[in-house]
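This report refers to the structure that appears directly beneath it.
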Amino acid sequence: MNGAWFDIAHMLAGGLVLLSLMLLYQDRMFALLNVFALHAVLLSASVAWQAQIQGAPHLYITALIALALKAVVIPVALRRIVVRLGIHRTIETVVGIGPTMLAGMGLVALSMVVMLKATAQADPLAREDLAFALSVVLLGLLMMVTRRNAVSQVIGFMSLENGLILAATGAKGMPLVVEISIAFSVLIAFIVIGVFLFRIRERFDSVDVSALDAFRGERR
Amino acid sequence: MPVAMALTGVAVLLGAGLLGIALQRLPGASRLVYLICFVACLAILGVACAELLAGTLPAPAMRLPVGLPWIGAHYRMDALSAFFLVVVNLGGAGASLFAIGYGQHEKAPGRVLPFYPAFLGGMNLVVLADDAFAFLVAWEFMSLSSWALVMAHHTDPENRRAGYIYIVMASFGTLTLLLAFGLLAGSGGGYAFSEIRSAPAALPGVVLILVLIGTGSKAGLVPLHVWLPLAHPAAPSHVSALMSGVMTKVAVYGFVRVVFDLLGPATWWWSILVIGLAGITCVLGVLSALMQHDLKRLLAYHTVENIGIIFIGLGLALAFSAHGMQAPAALALTAALLHVFNHCLFKSLLFFGAGAVLNATGERDMEHLGGLIHNMPLTAFAFLTGCTAISALPPLNGFVSEWLTFQAILLSPALPSWGLKIIVPAVGAMLALSAALAAACFVKAFGVTFLGRPRTPVAADAHETDRASIAAMFAFALLCLLAGILPGLFIDGLAPVTQALVGARMPAQTALPWLSIVPIAESRSSYNGLLVFAFIAFSTLLTVEIIHRFASRAVRRGPAWDCGFPDPSPATQYTADSFAQPIRRVFGAVVFRASERVDMPPPGDARPAHLSVIVRDLVWEAFYAPIASLVAGSAERLNRLQFLTIRQYLSLVFVALVSLLLVVSIWS
């Protein structure tokens, strides 16, 4: 019984890492949004499974919030933004897909090494979970660094948040307040960045952040 | 109880600072503030003296609920801090008495009155502190208030530059002290001195080097002395006296406290470092002093030399105690601490004299002075006493402490390690050289300033200074004489300090007949200041009497002698530069790359000939100029970081995070 629980939790968290790696090489807007929605669904499944095996019913609420907000509301809203901005074309990555994927794999390996070493005495379930969460966070950061488009940077940021939630729910006894606050912070970040997108669009007629740099008199 | 009384005195001083802010516009404000400072310093001095002589120390510690909430601030008075309280408050009382008169002439009292009592209070707090946090806060408080005083006359661009260099050096010194205390406290974070004492320090050698840099930069050890000759003269004269005579001693206190008290048993190579630096400091300090013609800057450079003498004594004490030779260590430490006391006396006295001259003539440049002994006889007499004392002439106090230092140096052949056996006599030779050069330096300072004929109208019109200033100068001159002829009293007063720090004391001196002092054994050496004084007084009186009795008062006619000045212009006299020229030629060519250039116009050209002397500061060029250009250059390059794109900033964060994680994964 215990073994199966462990394996399922492991599979869900590993699936999140896999989806993060998929996010890295999606170079079309809608595909990116779809993968992100899938990412959020998997996150909510993982959180729900954690609620089940930890016997912590409040985590179901977190899972529900994640499902509603990140798998439905935000992707739909972002899709509308993308349509309204008219940028549903190919997006360019700054670095090529091959190097990005290699860097992503390196990051996953790094977070495994760090986490498994640092948490030698911890509960094995929490250990694996934390290692996966750190990989998701690092991959989200890598995505923010390698993308030039503001919308995909937002998605990178939110996948990073997903990693944080995965870490928070993996540790036993985390109070609900924290998760709600994290969810809300993501919502607020989404609103702020959304407003920013329209502002950028209004001012510069583009959501390419290099327009901002050009405005500041910089060149790449 | 004594700690509480001393802290009350400090509170009064800080209150006087606030009073200075409130009353700065009133005409009598400076007199009132300085009077309060004088009384408060005398009170703390009395408490510290009584405790030191009664031998009841260490007094129980006090904890004040200020500072960090879970630590508080600990204050304590043991023999060492009581001795340094005596030095600080003696200097402070003298400077305040001097300032009762001198401060009247201050043009901007609002820039001096609030900071002067705060400066005194800060120095007292450093000496009283019993945990690293209280110590560092008081140290920085002292630095900042003295910086404000250096900047009191900020309209002069030279003073602004002095203030800038001072605050950079002071911050750097505090930084190294912070690191030193961090190492001393260790990872447990026990910042109280009692906890540091009981736990062995990690990396004691590194702590010693950090403390040597931190306190040495405040005291003026070469090559950290560059700010001192700039900042000390820039302040008002009573503050210069405090900075030179007292604040450098507080730095010595910091060194003694950490190295002898907190750091645990000494290692012999530490002493080589300290003694070597101190020897270089001595010679370079006095040679630089000889090159100056600004009176206050000359005195400031001379402080560097005296700090060297003190650190030679401290280094010897370290060397002896590292080899378990407690009695010689006590001798060397006593010599150093006695020189701390003596230097406080005569350097304050000399700065008071320079202040009186500055007040009377508005000049600090000796080339514009001369002949002041006619108009300022009392100041001249007091200044001469200070010059005699600082030149280490018997029967005054400077001789006693330098003589004791030499006695300690003469014991060095008994040291087992060969490095010390070779280096200590060499440093002894440097000390002897600097003692001789110091005498030359003060012949120059006194002769060019007070003797001869006035070189400028302001020097001719000088007038004697006010009574409070005279009283302060004569009180210190009298103390110089007393400490010179009764050294046994002072040596015995230091016994509890050396007992606590190196575990031994010098033999009791007051029990000896005729007030002699015998540092080791009668067969080796002894000195009797009273006897020398009596002999000098007696022989002088006898000579005067013989001359007056047998010399004829009849008018005689003879060939005219023009006293060596065929030209009546005062410009034909020896100047400060010309007096120093032989020494500059002998030593300056190596130490300062000094060169002279004569610009002689061809026959028929009416312009005057010119002799220009170029003296280079090699310490500045070797240590400071590269650092300054490095900092400026890297700041210029790092400036680009302000103009990165958002994605580049994100990349920086990302790279920093990943490299930290890599460190974590590789390290453990």
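Letters go in sequence order (proteins before strands), and every chain restarts at 1.
- Applying the 6.0 Å contact sphere to CD of B/Glu158 captures no more than 12 heavy atoms from other residues, nucleotides or ligands.
- Heavy atoms of B/Leu657 lying under 4.5 Å from chain A belong exclusively to its side chain.
- By the 6.0 Å contact criterion, CH2 on B/Trp270 is enclosed, its count of non-hydrogen atoms from other residues, nucleotides or ligands being greater than 12.
- Proximity to chain B (any heavy atom under 4.5 Å) is restricted, for A/Leu107, to the side chain, taken from C-beta onward.
- Contacts with chain B were tallied for A/Leu134, A/Leu141, A/Leu138, A/Val113; A/Leu141 has the most, counting heavy-atom pairs under 4.5 Å.
- Chain A forms the most heavy-atom pairs under 4.5 Å with one residue out of B/Leu650, B/Leu661, B/Val653, and that residue is B/Leu661.
- The shortest distance between side-chain heavy atoms of B/Ser665 and A/Leu110 falls below 4.5 Å.
- For B/Phe654, the CZ atom is densely surrounded, since the number of other residues' heavy atoms within 6.0 Å is greater than 12.
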